[in-house]
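The structure appears below as structure tokens.
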There are 2 protein chains.
Amino acid sequence: MITSRDVAKFANVSVSTVSRAFREDVYISKEKKNKVLAAASKLGYTPNHMAKSLKSNKSHTIGIIITDIENSFYIQITKFVENEIKKAGYRLLITFSNEDPERELECLKLLSASRVDGIIFTPSSRTNKDFIDKLRDQNILIIQTYRNLFDYLDSIVNDDEYGAYMATKHLIDHGHTQIIMTDQPNGVKINGYQRALLESNLPFDPNNIIILPVGFEFQDNLSKAIKTRNPSAIISGNNVISSYILKICENLNRNVPKDLSIIMYDDNEWISLNDITVVSHSIERLSQHITSTLFKKLNTDKQEHQLSTIKLEPVLIARNSVKNIYRQ
Amino acid sequence: MITSRDVAKFANVSVSTVSRAFREDVYISKEKKNKVLAAASKLGYTPNHMAKSLKSNKSHTIGIIITDIENSFYIQITKFVENEIKKAGYRLLITFSNEDPERELECLKLLSASRVDGIIFTPSSRTNKDFIDKLRDQNILIIQTYRNLFDYLDSIVNDDEYGAYMATKHLIDHGHTQIIMTDQPNGVKINGYQRALLESNLPFDPNNIIILPVGFEFQDNLSKAIKTRNPSAIISGNNVISSYILKICENLNRNVPKDLSIIMYDDNEWISLNDITVVSHSIERLSQHITSTLFKKLNTDKQEHQLSTIKLEPVLIARNSVKNIYRQ
DNA sequence: TTGTAAGCGTTATCAC
DNA sequence: GTGATAACGCTTACAA
């Protein structure tokens with residue numbers, strides 16, 4: 001392994017000079033700096049990030065826990081965030097929890113072991129509260145995105161309640177009354193759904209709600225609900241559920257929007273290509289709020305921190321997956 | 001920050017005992033181990049990965065450079081690989097090159113600074129050869145996937161040449177002669193395309209080839225080619241190009257497969273939902289070969305290493321995006 | 001402006 | 001089985 005000592009020897013300087021050559025705002029002559037950099041390049045030396053962090057007690061690393069890698073929404077956010085934090089001289093350590101609290105704990109432990117300066121994550125549940133509190137005690141900044149499950153942590157979420165309200169309202173306005181609402185647990189979409197029904201004096205039927213972790217059971221329940229309850233419309237809680245719905249429609253031979261109207265959550269390329277109406281969140285906006293909140297706190301004293309809970313309003317993009325029943 | 005010293009003090013043992021409590025196959029009494037672990041848990045201590053690595057000169061980290069995060073193919077592979085290496089006690093450091101050699105170099109430097117034990121990457125070009133050679137000199141294992149651009153590096157690739165041959169042959173067998181072939185630079189698909197034409201005594205027209213980095217210029221050229229050359233079929237080199245093609249078809253009002261037949265590369269959910277014929281690679285198989293190659297080398301002496309170049313055969317999944325011109 | 005040396009948190013080595 | 005201590009590669013007072 002090439003160390004700063006090797007470079008120092010090669011360039012005929014001390015190790016501290018080598019160290020100085022690799023940082024800004026530090027006293028070093030142009031001449032020596034160039035000499036060191038040339039030697040480093042010749043030897044293929046890169047400063048050891050771990051030794052650096054050990055000394056400075058700052059890893060300059062942000063950890064992110066992605067709950068669901070199949071959901072392109074999270075991937076997009078990760079891409080934006082990585083880009084932003086790289087500009088600020090940080091790196092991103094990406095882990096996958098798969099919406100499983102046990103794996104989430106593993107991720108948290110890995111990030112803790114890596115002594116990350118901050119963690120961005122979508123809590124799968126409140127299961128790991130104790131460990132999260134310990135991390136906070138150790139001055140690790142923790143930001144929740146997408147779901148706000150800990151009221152003492154910063155959060156940047158989409159206003160899903162309002163999104164669901166808009167979607168339900170849009171369907172009601174087009175004459176739908178039998179609407180199935182789907183989502184994963186721990187969401188607030190159902191509240192918006194209920195509110196819209198109430199406002200229009202429509203009955204709320206709990207059998208029209210499918211809230212389950214994604215997986216076979218979800219697909220099965222959904223498929224049965226479509227067959228037996230014969231709804232005129234479905235609202236999909238996220239990208240993964242969306243693909244279930246389209247699969248089921250194909251299997252049951254239901255045409256969208258002739259036999260069944262659909263509104264999905266989280267726009268993407270194939271949803272747009274399939275001309276499906278969505279509740280859309282701006283990924284850029286969400287990502288920007290995440291990184292700006294992160295760096296604001298990272299660069300100020302802990303005493304001055306105040307909780308920031310940001311809720312971003314979605315928009316409804318009307319395409320052609322909702323039938324107007326009144327014009328039948 | 002909680003260190004092993006804090007835990008040692010709390011549990012009334014030495015730091016060495018704390019260290020021993022956190023590893024297997026080492027002499028320590030059950031009693032002390034439990035005592036230490038309890039203290040650690042109470043204090044919220046996690047061993048500092050960086051200090052450990054610094055000492056052991058092993059980061060137990062594998063780096064991966066994802067060329068294109070928009071391409072779900074790479075995301076799937078990353079997911080599998082992460083899972084596998086985690087089982088082996090390693091962690092995955094994920095970086096994004098965006099097919100840009102300059103960013104690729106940044107990624108390589110970051111991974112080098114992190115002293116990863118191995119790197120999995122799809123080379124964007126041969127631009128960074130010098131730096132890659134330096135990394136190899138420093139005993140960092142480097143594996144190429146998807147593209148084999150360095151003949152002295154291990155590689156696990158799909159047989160794209162054969163895939164393109166199959167796709168072209170399939171189209172020819174269905175009566176197509178005007179076939180546009182698309183891909184990103186540095187690929188070998190064009191060779192398979194040419195071979196299939198040759199075998200069927202069809203002329204090879206270079207104007208039917210669009211090989212460019214993905215982006216606006218690509219879309220523009222492709223759109224023009226479809227309008228002016230009026231091909232009966234297109235082969236898409238990857239997921240990203242695939243979405244361009246569908247967008248263009250929509251804009252130009254070409255129905256698939258009535259007006260234009262399409263074969264895509266790399267199967268995924270929406271391609272399958274849209275009933276499009278694909279050249280498909282098994283992501284599981286590719287990932288397994290990557291991890292098994294990785295660990296085989298990681299666990300043996302460098303002297304015993306021999307180059308492994310694995311080429312995986314794809315399959316053609318015929319769906320309904322190719323018109324049979326003979327049956328017109 | 002440059003060099004010397006201590007120390008970051010861990011583990012390996014060696015006593016006990 | 002357990003504890004003291006040196007060392008990993010780097011940064012940073014402090015000295016020169």
Side-chain angles (χ1 to χ4, degrees), chain A residues 1-37 39-40 43-61 89 109-110 112-117 138-140, chain B residues 1-37 39-40 43-61 89 109-110 112-117 138-140:
Chain A
M1 154 129 43
I2 312 285
T3 72
S4 57
R5 208 190 306 282
D6 300 319
V7 179
K9 216 169 281 174
F10 192 90
N12 254 317
V13 294
S14 72
V15 283
S16 36
T17 303
V18 174
S19 172
R20 284 189 264 258
F22 277 92
R23 31 196 52 256
E24 308 300 319
D25 57 279
V26 100
Y27 291 119
I28 185 169
S29 63
K30 268 248 169 305
E31 180 205 10
K32 293 236 168 180
K33 183 164 185 167
N34 291 336
K35 202 164 140 191
V36 170
L37 259 26
L43 297 172
Y45 167 77
T46 325
N48 185 324
H49 188 273
M50 291 173 298
K52 197 187 293 201
S53 305
L54 186 59
K55 189 74 186 71
S56 65
N57 201 17
K58 291 239 116 226
S59 67
H60 277 266
T61 303
K109 283 193 173 157
L110 188 147
S112 163
S114 304
R115 296 296 186 270
V116 293
D117 300 323
Q138 288 164 49
N139 257 316
I140 296 177
Chain B
M1 153 134 38
I2 312 285
T3 71
S4 56
R5 207 187 307 282
D6 300 318
V7 178
K9 217 169 281 175
F10 193 92
N12 254 316
V13 295
S14 71
V15 284
S16 341
T17 303
V18 174
S19 173
R20 284 190 264 258
F22 277 93
R23 30 198 51 254
E24 308 300 319
D25 56 278
V26 99
Y27 292 120
I28 185 169
S29 63
K30 268 250 170 304
E31 180 206 9
K32 294 236 169 182
K33 183 163 185 167
N34 290 336
K35 201 164 142 190
V36 170
L37 258 26
L43 297 172
Y45 166 77
T46 326
N48 185 324
H49 189 274
M50 290 174 299
K52 200 186 290 203
S53 304
L54 185 59
K55 189 73 184 73
S56 65
N57 200 16
K58 290 239 115 226
S59 66
H60 278 266
T61 304
K109 282 191 174 159
L110 188 147
S112 163
S114 303
R115 297 295 188 268
V116 293
D117 300 322
Q138 288 165 48
N139 258 315
I140 295 177

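Numbers restart at 1 for each chain; the letters A, B, ... are given by sequence-line order, proteins then strands.
- Looking only at distances, no side-chain donor or acceptor of A:Ser114 sits under 3.5 Å from a matching main-chain atom of A:Val116.
- At distances below 3.5 Å, not a single donor-acceptor pair connects side-chain atoms of B:Ser4 with backbone N or O atoms of B:Val15.
- Here A:Thr3 does not reach the OP1 or OP2 of D:dC8: none of its side-chain N or O atoms lies under 4.0 Å away.
- Counted by atom type alone, A:Thr17 and A:Ser14 present one or more donor-acceptor pairs between their side chains at under 3.5 Å.
- For the pair B:Ser14 and D:dG3, the criterion of a side-chain N or O lying under 4.0 Å from OP1 or OP2 is met.
- Contacts of B:Asn48 with the nucleic acid, taken as non-hydrogen atoms under 4.0 Å apart, involve only primed sugar atoms and P, OP1 or OP2.
- With C:dT10, D:dT2, D:dC10 as the choices, the nucleotide that has an atom nearest any side-chain atom of B:Lys32 turns out to be D:dT2.
- In this structure, the NE2 atom of A:His60 is 16 Å from the P atom of D:dC10, given to the nearest Å.
- If you check distances only, the side chain of A:Ser19 never reaches the base of D:dT12 with a donor-acceptor pair under 3.5 Å.
- If you check D:dG3, C:dT10, C:dA6 against the side chain of A:Lys55, the one that comes closest is C:dA6.
- If you measure from atom CG of A:Leu43 to atom P of D:dG9, you get 15 Å, rounded to the nearest angstrom.
- Paired with B:Val18 under the rule side-chain contact (heavy atoms from CB on, under 4.5 Å), one option of B:Val7, B:Asp6, B:Ile28, B:Leu37 passes, and it is B:Val7.
- Evaluated for a side-chain contact (heavy atoms from CB on, under 4.5 Å) with B:Phe10, the options B:Leu43, B:Ile2, B:Val36 yield exactly one hit, B:Leu43.
- Among the atoms of the strands shown, only primed sugar atoms or phosphate atoms (P, OP1, OP2) are found under 4.0 Å from some heavy atom of A:Tyr45.
- Residue A:Arg115 places no side-chain atom within donor-acceptor reach of the base of C:dG9, judged by atom type and a 3.5 Å distance cut-off alone.
- To the nearest angstrom, P of D:dG9 lies 8 Å from CG of A:Asp6.
- Between B:Ser29 and D:dT2 there is a side-chain N or O to OP1 or OP2 distance below 4.0 Å.
- Contact of B:Ser16 with D:dA4 (side chain to base): a donor-acceptor pair of N or O atoms is detected under 3.5 Å.
- Distances shown here put a side-chain N or O of A:Ser4 below 4.0 Å from the OP1 or OP2 atom of D:dC10.
- Ranking C:dT10, D:dT2, D:dG3 by closeness to the B:Ile28 side chain, first place goes to D:dT2.
- When rounded to the nearest whole Å, the span between NZ of B:Lys52 and C1' of C:dT11 equals 10 Å.
- Separating the CD atom of B:Gln138 from the P atom of D:dG9 is a distance of 12 Å, rounded to the nearest angstrom.
- Side chain of A:Gln138 to main chain of A:Ser112: no donor-acceptor pair is present (N/O by atom type, distance under 3.5 Å, no hydrogens or angles).
- Going from atom CD1 of A:Ile2 over to atom P of D:dG9 covers 11 Å, rounded to whole Å.
- Distances shown here put a side-chain N or O of B:Arg23 below 4.0 Å from the OP1 or OP2 atom of C:dT11.
- B:Lys9 places its NZ atom 11 Å from the P atom of C:dG9, with the value rounded to the nearest Å.
- Look at B:Tyr27 and you won't find any side-chain N or O under 4.0 angstrom from OP1 or OP2 of D:dG3.
- Atom-to-atom, CG of A:Asn57 to P of D:dC10 comes out at 18 Å; the value is rounded to the nearest Å.
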